[in-house]
Amino acid sequence: MTSTAPHLIAPSLLAADFARLGEEVAAIESAGADWLHLDVMDGHFVPNISFGPAVVQALRPHSRLPFDVHLMIEPVDPYLEAFAKAGADHITIHAEAGPHLHRSLQAIRALGVKAGVSLCPATPPEALSQVLDMVDLILVMSVNPGFGGQKFLHGQVGKIRTLREMINKTGRQIRLAVDGGIDTETAPVAVAAGADVLIAGSAVYGRDDYAAAIRALRSA
Ligand SMILES: O=C(CO)[C@H](O)[C@H](O)COP(=O)(O)O
Ligand SMILES: [Fe+2]
């Protein structure tokens, strides 16, 4: 079962040149990206540290693209307002990042931004069965979160398929994103399983020609 929505390409800033972030954000919009994916890592929920709301806020004037903020942090609740105020359009939190997923999703919606939830590779799709009415976006991690440039875990494809079926049963417009190891070989696998947002760091920002890299992913 595939999605009827057009597929979106969301380059991940994690693979950009951190010394030139403003230019990198503007360049990806000109290159035809649909969303900008921003990976926030805390050195606690994941074994890496990236950037926080001040960087998101500083980048906001450089692009009109929707800012898709992927929070790999624990706890999340104390920081939701800061990311919303910084200019996040979507805030995605991890189902594994605390016992009160429902409350955190309520808090994101109350801030007026789209609510996303992400699953690490070891978490089953059923973890979301009680919150499907509260989410605008589901993000399947096809690598263990924390680093760019890892290999796509093919064992996650069945989960993408199951989540597509769960989403279609709701009749709601919920985007299904796949994040980690997406390139021209794995993008068609993810889309065939039902994904409609492809998040890619190395396969876009790691290339010299961003527009060509985005086109290649779209047509793959
Ligand atoms: O959330 C992430 C890692 O935790 C990144 O979005 C993801 O890894 C993108 O990088 P790449 O396309 O190079 O795998
Ligand atoms: Fe991400």
Side-chain angles (χ1 to χ4, degrees), residues 7-18 21 24-25 28 31 33-53 55-56 59 65-74 76 79 83 88-97 108 114-123 135-157 159-160 163 175-191 195-208 210 212-214 216-218 220:
H7 305 122
L8 305 179
I9 308 293
S12 164
L13 197 64
L14 196 62
D17 178 354
F18 273 28
L21 281 181
E24 291 277 68
V25 167
I28 218 69
D34 297 300
W35 295 355
L36 180 74
H37 184 81
L38 299 113
D39 290 299
V40 177
M41 303 176 176
D42 66 351
H44 169 71
F45 180 69
V46 289
N48 195 6
I49 299 175
S50 58
F51 50 80
V55 171
V56 177
L59 293 175
L65 290 179
F67 275 15
D68 178 49
V69 175
H70 178 191
L71 294 184
M72 287 162 274
I73 67 174
E74 183 185 6
V76 289
Y79 303 102
F83 282 102
D89 295 281
H90 320 148
I91 295 180
T92 295
I93 58 176
H94 268 264
E96 305 85 359
I108 296 172
K114 292 200 186 295
V117 60
S118 179
L119 298 179
C120 288
T123 307
V135 296
D136 304 292
L137 168 74
I138 294 172
L139 188 163
V140 174
M141 286 305 307
S142 42
V143 297
N144 282 297
F147 301 94
Q150 302 181 76
K151 265 178 83 72
F152 183 86
L153 296 169
H154 282 270
Q156 297 302 305
V157 173
K159 189 197 287 186
I160 301 170
L163 284 165
R175 284 280 180 183
L176 182 55
V178 180
D179 188 8
I182 291 292
D183 57 23
T184 51
E185 306 241 304
T186 55
V189 176
V191 169
D196 57 15
V197 181
L198 298 171
I199 297 165
S202 333
V204 179
Y205 273 116
R207 301 293 153 91
D208 290 336
Y210 299 164
I214 290 170
L217 281 179
R218 233 186 258 294

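Every number for a ligand or one of its atoms is a count from 1 in the order of the listing.
The shortest N or O to N or O distance between Asn144 and ligand 1 is not below 3.5 Å. When only interatomic distances are considered, the shortest N/O to N/O separation between Gly201 and ligand 1 falls below 3.5 Å. Distances between N or O atoms of Met72 and those of ligand 1 include no value under 3.5 Å.
Counting atoms of ligand 1 from 1 in the listed order, those under 4.0 Å from a heavy atom of Met141 are 1 (O), 4 (O). Atoms of ligand 1 found under 4.0 Å from any heavy atom of Met41 (numbered from 1 in listed order, with element): 3 (C), 4 (O). Heavy-atom contacts of Ala200 reach the following atoms of ligand 1: 12 (O) (cutoff under 4.0 Å). Within the listing of ligand 1, atoms 6 (O) sit less than 4.0 angstrom from a heavy atom of Ser12. Numbered from 1 in the order shown, with element, the atoms of ligand 1 that lie under 4.0 Å from a heavy atom of His70 read 1 (O). Each of the following atoms of ligand 1 lies closer than 4.0 Å to a heavy atom of His37: 6 (O).
Salt bridge absent: Arg207 and Asp183 never bring a charged side-chain N and a carboxylate O closer than 4.0 Å.
Ranking the protein heavy atoms by distance from atom 2 (C) of ligand 1 puts Asp39 OD1, 3.4 Å first. What sits closest to atom 8 (O) of ligand 1 on the protein, heavy atoms only, is Phe147 O, 3.3 Å. The shortest contact between atom 14 (O) of ligand 1 and any protein heavy atom is with Gly181 N, 2.9 Å. Protein heavy atom nearest atom 10 (O) of ligand 1, with residue, atom name and distance: Gly148 CA, 3.6 Å. The nearest protein atom to atom 13 (O) of ligand 1, hydrogens excluded, is given as Ser202 OG, 2.3 Å; this is a heavy-atom distance. From the protein, the heavy atom lying nearest to atom 9 (C) of ligand 1 is Asp179 OD1, 3.5 Å.
At least one donor-acceptor pair closer than 3.5 Å links the side chain of Asp136 to the backbone N or O of Ala115. A donor-acceptor distance shorter than 3.5 angstrom exists from the side chain of Tyr205 to the backbone of Glu24, with no hydrogens or angles considered. The closest donor-acceptor contact from the side chain of Asp179 to the backbone of Met141 lies at 3.5 Å or more, if one exists at all. With Ser142 contributing its side chain and Phe152 its backbone, the two residues share no donor-acceptor pair below 3.5 Å. Formation of a donor-acceptor pair under 3.5 Å by the Glu96 side chain with backbone atoms of Cys120 is found in this model. A donor-acceptor pair is defined here as one N or O able to donate and one able to accept, closer than 3.5 Å; no such pair exists between the side chain of Ser12 and the backbone of Ile199. Under the 3.5 Å distance criterion, the side-chain polar atoms of Gln150 are matched with a main-chain donor or acceptor of Asn144.
With hydrogens and angles left out, the side-chain atoms of His94 and His70 include a donor and acceptor closer than 3.5 Å.
Closest N/O/S atom of His70 to the Fe ion (ligand 2): ND1. Atom OD2 is the N, O or S atom of Asp179 at the shortest distance from the Fe ion (ligand 2). Closest to the Fe ion (ligand 2) among the N, O or S atoms of Asp39 is OD1.
For the pairing with Phe147, the side chain to side chain contact (heavy atoms under 4.5 Å, CB included) check across Val46, Asp39, Asn48 returns one residue only, Asn48. Checked against Asp68 for a side chain to side chain contact (heavy atoms under 4.5 Å, CB included), the options Thr92, Ile91, Val197, Leu38 give a single hit: Thr92.
For Gly149, the heavy-atom gap to ligand 1 drops under 4.0 angstrom. Within the structure, ligand 1 lacks Ala15 among the residues with a heavy atom less than 4.0 angstrom away.
In plain terms, the two heavy atoms of Pro145 and Pro47 that are nearest each other are O-CD, 4.2 Å. Closest approach of Leu65 to Asp89, counting heavy atoms only: O-OD2, 4.0 Å.
If you look at Pro145 next to ligand 1, the close heavy atoms, those under 4.0 Å, come from the backbone and the side chain alike.
Considering each of Gly180, Gly146, Ala203, the one bringing a non-hydrogen atom nearest atom 4 (O) of ligand 1 is Gly146.
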